[in-house]
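Following: one structure in C-alpha cells, then a few remarks.
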Amino acid sequence: MDIGKLLGIVKSIPKDKLKTDAGLKEVIRDLGKKTGKTFTDKELNAYVAQFRHMSKTENVGSLLNKLSKKGVNAKDIDSLKKRFK
C-alpha cells in the first residue's frame, strides 16, 4: 500500500474514536475489512492494548525508526517526515 494512501486513511479516522476501547475496536475492525481481514475479539483486545501502550511510550521519531527497521524504504520515510513537520 502506498504511504500517501495509508496516511489518507489514518487522517480520515475521527479522533474521538481513538479515545475509547470501543472506538478503537471499531476503527481496527473497519481497517481490517478494507484489507480483507476479520479479527476475533481476542485479537481486537490485543491490538487495543498494543495501541494504548504505544500511545504512551512512542513518539514520531521512534515510530519512524521502527518503520525503517521493518523495511520501509528511505524515500517513504522522508515523505513521512515531511508530512509530520
Side-chain angles (χ1 to χ4, degrees):
M1 181 178 276
D2 161 343
I3 292 292
K5 191 174 186 179
L6 181 61
L7 287 175
I9 291 169
V10 170
K11 286 181 180 180
S12 72
I13 298 170
K15 291 186 182 195
D16 62 316
K17 287 195 176 192
L18 302 179
K19 294 178 182 178
T20 65
D21 287 355
L24 275 171
K25 287 180 183 180
E26 185 180 335
V27 167
I28 294 167
R29 194 176 292 116
D30 289 345
L31 291 174
K33 285 180 185 176
K34 289 181 181 180
T35 61
K37 176 131 173 93
T38 55
F39 300 108
T40 64
D41 285 336
K42 185 176 179 180
E43 288 173 317
L44 284 172
N45 290 334
Y47 286 129
V48 168
Q50 183 178 7
F51 179 86
R52 291 283 180 225
H53 176 73
M54 289 179 70
S55 69
K56 292 177 184 173
T57 61
E58 301 291 341
N59 60 42
V60 172
S62 64
L63 290 174
L64 290 175
N65 186 36
K66 286 182 178 184
L67 286 173
S68 68
K69 288 180 182 177
K70 291 285 185 181
V72 176
N73 68 40
K75 182 180 174 186
D76 289 336
I77 296 290
D78 289 339
S79 175
L80 284 169
K81 284 180 182 177
K82 288 177 186 174
R83 290 177 187 239
F84 283 115
K85 287 183 180 181

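Sequence positions, counted from 1, serve as the residue numbers for this chain.
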(message) Keeping S62 on the side-chain end and E58 on the backbone end, is there a donor-acceptor pair under 3.5 Å?
(response) no
(request) Report the distance from atom CD of E26 to atom CG of L31, rounding to the nearest 0.5 Å. (result) 10.5 Å
(request) Provide the closest heavy-atom pair for R52 versus T20 in the form atom of the first, atom of the second, distance. (result) NH2-C, 3.3 Å
(request) Look up atom CD1 in I9 and atom CD1 in I13, then write down how far apart they are to the nearest 0.5 Å. (result) 8.0 Å
(message) Can you tell me how far apart CG (D21) and CZ (F51) are? Round to the nearest 0.5 Å.
(response) 10.5 Å
(request) Could you tell me which non-hydrogen atom of E43 sits nearest to which non-hydrogen atom of T38, and how far apart they are? (result) OE1-O, 3.9 Å
(request) Check D41 against R29 and note the closest heavy-atom contact, atom names and distance. (result) OD1-NH2, 4.5 Å
(request) Enter the distance from S68:OG to K66:NZ here, rounded to the nearest 0.5 Å. (result) 11.5 Å
(message) Is there a path of hydrophobic side-chain contacts, each under 4.5 Å between heavy atoms of I/L/V/M/F/W/Y residues, joining L44 to L18?
(response) yes
